Amino acid sequence: MLKDITLGQYFPGDTPVHRLDPRTKLLLTVAYIAAIFMVGSWGGYALVFAALVCVCAVAHIRPKALLKGLKPLVFIIVFTAILNLFFTRGDDVLFQWKALRVTYTGLERAVSMVLRILLLVSGTFLLTYTTSPLAITDGLEKLLSPLKKLHVPVYELSLMMCIALRFIPTLIEETDRIMSAQKARGADLETGTLPERAKALLPLLIPLFISAFRRADELALAMECRCYNGGEGRTRMKQLHMSWRDGVAFLLGAALIAGILLLRRLGI
Amino acid sequence: MDPIIRINNISYTYPGSDKPALDGLTLDILPGTFTAVLGSNGSGKSTLAKHLNAILTPSAGKVYVDGMDTTDEGNLLAIRRRVGMVFQNPDNQIVANVVEDDVAFAPENLGVEPHEIRRRVDAALRQVGMYEFRMHAPHLLSGGQKQRVAIAGVLAMDPEVLVLDEPTAMLDPRGRREVLAAAESLCRERGITVVLITHHMDEAIRADRVLVLDKGRIALDGAPGEIFSQTAALEALRLTVPETTALITRLNAAGMRLPTTALTDEACAAAIMEALS
Ligand SMILES: Nc1ncnc2c1ncn2[C@@H]1O[C@H](COP(=O)(O)OP(=O)(O)OP(=O)(O)O)[C@@H](O)[C@H]1O
Ligand SMILES: [Mg+2]
């Protein structure tokens, strides 16, 4: 059952979006997030939405996949909407029922906040849907490499991320196995009060931790045997390189931001 | 021929332990040979293996790899590059979540040029028959396949010696066969020196030389035929003989006269056929 959790949620593909350099995609995602906060008119939201739809179409990501990703956020979205709807102060009352008062400003703010969350989350999902976790790690390492001068262990951090990604499925499998073993011995992990269930989890966590430490020990040994000696002087088999595609992507990103600012100016 | 590994009277005691894991062991390993190391639990096999690539250094005595002293810190990477090591659990040796990226790990550490890494990775994966799986996620492979990826990961360093510490202990019979076939072809076709540590007597049959360790010392040393005919000596060391030898011994006890040196299944079958006809 734990195996059903999808991780990284990468959809392999060979579209122009997939082929972009991960650094480009990371930078554009940051720019996209900034752009959403620059939106100052309804036309701006429409423009961002249109851009999102275009990228989805080019990357062959079905809207259904995006909507599925948004599902766990329903609570936060509803909560944000209610908060903005009922607790925004203003004089332009739309309707009032006892202490509950909805103003026009509140309605406007609720809608725009919800739109922002939806656009923001879908945009970042597009990044993880079209870029393998390893490529994201690689891209981050390259982008953060100036920090090496400040003695930030960028390479080590990226290796840690890479190893974590590698071992998550292995540890999930192991958890499943230990759970089955405990259940076979009559452990009850699914019913009972919260403290009871937490207590029942202990015989699950202890073997899991012990095994994780043993694995770490063996992995460190295997890495040493394969000449690992820190990030210094290391080369990479897969070199990242930018192409004309990345140039086009940056231009389109700049056009999007310019469009948002223009619409805001015009108040459309 | 000069030995690729020369072990000169080494002893090793683990910190906090009172009895030595290795106790005055001397051994030369010739290049291009296939050596099998046997011994009961705790006889010092893994400890010996870890001395071959300077993971451990002897408390007394010396180990030389290709003429380099393992106690000299400056030789560390040169030694580890020459002596590749594969362990029991394939899950705990694979670093990356794509097969080819994992195989690239060692040459990347060594600072090899990107296109040369690509060449070595492809060659290593072909060598162990895992080229078609280069884009796969390791956790979706079978045990035997994972272990072959681990071997490829070491081969990408272009090593002269391959040390395998019970590489088949966690595998099913099919995975065992795959891994052994890979190790054997590396030795016979590419001339890589192989040191195979194992609990399965059957896996030692095809070796050029069999060593039996006991209490950190070499108890028996010789060709497989010589070693496995010494049934009594092996039993005293808490080891059994291979199935073929056991069969021949029983047939001989029943009055047949078969050579105890017919170790492989084919040789044993041929000997029995000959005796019957
Ligand atoms: N990390 C350690 N700390 C202390 N003692 C150890 C350690 N590792 C092994 N030993 C001891 O050293 C001796 C030799 O161990 P070693 O692991 O080399 O045996 P082995 O032949 O590989 O056994 P096995 O067949 O079980 O793998 C044993 O007595 C063991 O208890
Ligand atoms: Mg051992």
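In this text the structure is predicted, and so the values were computed from the model without any measurement. Below, chains carry the letters A, B, ... as their sequence lines are ordered, and counting in each starts from 1. Note: hydrogens, waters and symmetry copies are ignored here, and every other heavy atom, side chains too, is used.
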Next on the checklist: Quick check on Q239(A) against chain B: is it the side chain, the backbone, both or neither that has a heavy atom closer than 4.5 Å?
Outcome noted: side chain
Item to check | Most chain A-contacting option - heavy-atom pairs closer than 4.5 Å, from G84(B), A54(B), P114(B) | outcome: P114(B)
Checklist entry - If you round to the nearest 0.5 Å, how far is CZ of R226(A) from CD of E108(B)? => result 10.0 Å
Checklist outcome for this item: Closest heavy-atom pair, A96(B) versus C162(A), reported as atoms and distance to 0.1 Å, is CA-SG, 4.4 Å
Next on the checklist: Under 4.5 Å from any heavy atom of chain A, what part of D91(B) do you find: side chain, backbone, both or neither?
Outcome noted: both
Next on the checklist: Please check if the number of heavy atoms outside R236(A) that lie under 6.0 Å from its CZ is greater than 12.
Outcome noted: yes
Next on the checklist: For the backbone of V112(B) and the side chain of T235(A), can you confirm whether one donor and one acceptor N or O come within less than 3.5 Å of each other?
Outcome noted: yes
Next on the checklist: Need one label for I94(B): side chain, backbone, both or neither, based on atoms under 4.5 Å from any heavy atom in chain A.
Outcome noted: both
Checklist entry - Should the heavy atoms of other residues, nucleotides or ligands under 6.0 Å from CZ of R215(A) be counted, would the total exceed 12? => result yes
Checklist entry - Are F105(B) and M223(A) side-chain neighbours, meaning at least one heavy-atom pair lies under 4.5 Å? => result yes
Checklist entry - With chain A, which of A104(B), P138(B), G153(B) has the greatest number of heavy-atom pairs at distances under 4.5 Å? => result G153(B)
Checklist entry - Counting only heavy atoms not in E73(B), do more than 12 sit closer than 6.0 Å to its CD atom? => result no
Checklist entry - Is any side-chain heavy atom of Y228(A) less than 4.5 Å from a side-chain heavy atom of L110(B)? => result no
Item to check | Where at least one partner belongs to residues 51-72 of chain B, residue pairs that pass salt bridge (charged side-chain N to carboxylate O under 4.0 Å, His left out), sequence neighbours excluded | outcome: K62(B)-D69(B), D66(B)-R82(B)
Item to check | Sidechain-backbone polar pair: Q93(B) side chain, L219(A) backbone, donor-acceptor under 3.5 Å | outcome: no
Item to check | Test: D101(B) and K238(A) ion pair at under 4.0 Å | outcome: yes
Item to check | Proximity breakdown for V121(B) and chain A, heavy-atom pairs closer than 4.5 Å | outcome: side chain
Checklist entry - Checking side-chain contact (heavy atoms from CB on, under 4.5 Å) against C225(A), which of V83(B), N53(B), V154(B) comes through? => result N53(B)
Next on the checklist: Between P107(B) and chain A, with a heavy-atom cut-off of 4.5 Å, which part of the residue counts as in contact: side chain, backbone, both or neither?
Outcome noted: backbone
Checklist entry - For Q88(B), is it the side chain, the backbone, both, or neither that has a heavy atom closer than 4.5 Å to a heavy atom of chain A? => result neither
Checklist entry - Which atom names give the shortest non-hydrogen contact between C227(A) and R80(B), and what distance separates them? => result SG-CB, 3.8 Å
Checklist entry - Would you call V95(B) and R166(A) a side-chain contact if the rule is heavy atoms closer than 4.5 Å? => result no
Item to check | Most contacts with chain A, counted as non-hydrogen pairs under 4.5 angstrom, among E113(B), E116(B), E100(B), M85(B) | outcome: E100(B)
Next on the checklist: With a 6.0 Å cut-off (strictly less than), is the heavy-atom count around CZ of R19(A), excluding the residue itself, greater than 12?
Outcome noted: yes
Checklist entry - Given L76(B) and E224(A), is the side-chain contact (heavy atoms from CB on, under 4.5 Å) satisfied, shown in steps? => result CA-CA 10 Å; L76(B) 206 64; E224(A) 253 188 278; 5.9 Å; no
Next on the checklist: What part of L77(B) gets within 4.5 angstrom of chain A, counting heavy atoms only: side chain, backbone, both, or neither?
Outcome noted: both
Next on the checklist: So which residue, I79(B), N97(B), N92(B), ends up with the most heavy-atom pairs under 4.5 Å with chain A?
Outcome noted: N92(B)
